[in-house]
Number of protein chains: 2
Amino acid sequence: MTRSDPILFAKALADETRQRIMKLCCCRWLSVTEIVEQLSVTQPTVSHHLAVLREAGLVNVREEGKHSFYRLNQDRMTVCCGELRTKFASEDDKTETS
Amino acid sequence: MTRSDPILFAKALADETRQRIMKLCCCRWLSVTEIVEQLSVTQPTVSHHLAVLREAGLVNVREEGKHSFYRLNQDRMTVCCGELRTKFASEDDKTETS
DNA sequence: TAGTCATATCGATAACCGTCGATATGGATT
DNA sequence: AATCCATATCGACGGTTATCGATATGACTA
């Protein structure tokens, strides 16, 4: 999941529930249960979204006993946003091609 | 479509064909036909994707006779990427909340 | 005006995705 | 070992979306 994929990245962001989860664990570690408590969706749904975010490398996981704590990978966000900007928003970047 | 919506933005980016279109008209005006010629999808499909990109404010349109020329709105890209970074990737931005 | 070309829209189809309840897994507790 | 709790996975269902062929729209041309 270190590989950077602008499509995968965009797909991961393209859901309101996921963006809410990202916002929740933006700067702190949260267990799945804590995330569920703050949203109006079930635990399986949250687990599913966390899996999507994991596949995109957008969250870090820390297992501890029977708990799993998730936290947004802000560095990854910065890198991926930068890639998008480079790919689509920069004038002087025409030499590299996909 | 001046309103900024991170979900709409991400959804617009969350498709390979659309990202290809964006790349094609990243720094030049292209007619729909020219875009179709460079992709392996039909004209209605390209028109559909252009509509999605238009709704997200990600392309500018210039009508000229019977042609419509599209070009990626790079400023919009910059703004939207910046918003994402601010929302999710910045450490020192916890006062504002959605 | 008839015809052609470029684009948009419509309706249908298939694939994808978000959500749920049910269940499996596996650590902690008694 | 039996139970409980936290999380992941499974299967199903419904809604969304990408794609297509057919058609409408509307501009230019002869």
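Values below: all heavy atoms of this structure, side chains included; hydrogens, waters and symmetry mates excluded. Each chain gets a letter, A, B and so on, in the order its sequence line appears, and its residues count up from 1.
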Under 3.5 Å, is there an N or O donor on one side and an acceptor on the other linking the side chain of Q43(B) and the base of dA8(C)? yes
Using a 4.0 Å heavy-atom cut-off across all strands, classify [X] as base, sugar-phosphate, or nothing.
| X | answer |
| --- | --- |
| F69(B) | nothing |
| S68(A) | sugar-phosphate |
| V41(B) | sugar-phosphate |

DNA chain C: T45(B) or E64(A), which has the more 5' nearest nucleotide? T45(B)
In whole angstrom, what separates [X]'s [atom1] from [N]'s [atom2]?
| X | N | atom1 | atom2 | result |
| --- | --- | --- | --- | --- |
| E16(B) | dC16(C) | CD | P | 13 Å |
| I35(B) | dT19(D) | CD1 | C1' | 17 Å |
| H67(A) | dA28(C) | NE2 | C1' | 9 Å |
| D15(B) | dT16(D) | CG | C1' | 13 Å |
| K66(A) | dT30(C) | NZ | C1' | 12 Å |

Decide whether S47(B) and Q43(B) meet the rule of one side-chain donor and one side-chain acceptor closer than 3.5 Å. yes
Student check: side-chain heavy atoms of I35(B) and L50(B) closer than 4.5 Å: yes
Quick check: do R54(B) and Y70(B) have side-chain heavy atoms less than 4.5 Å from each other? yes
Donor-acceptor contact present, side-chain R28(B) to main-chain L24(B), <3.5 Å: yes
Measuring from the side chain of H48(B) (C-beta onward, heavy atoms only), which nucleotide among dA22(C), dA18(D), dA22(D) has the closest atom? dA18(D)
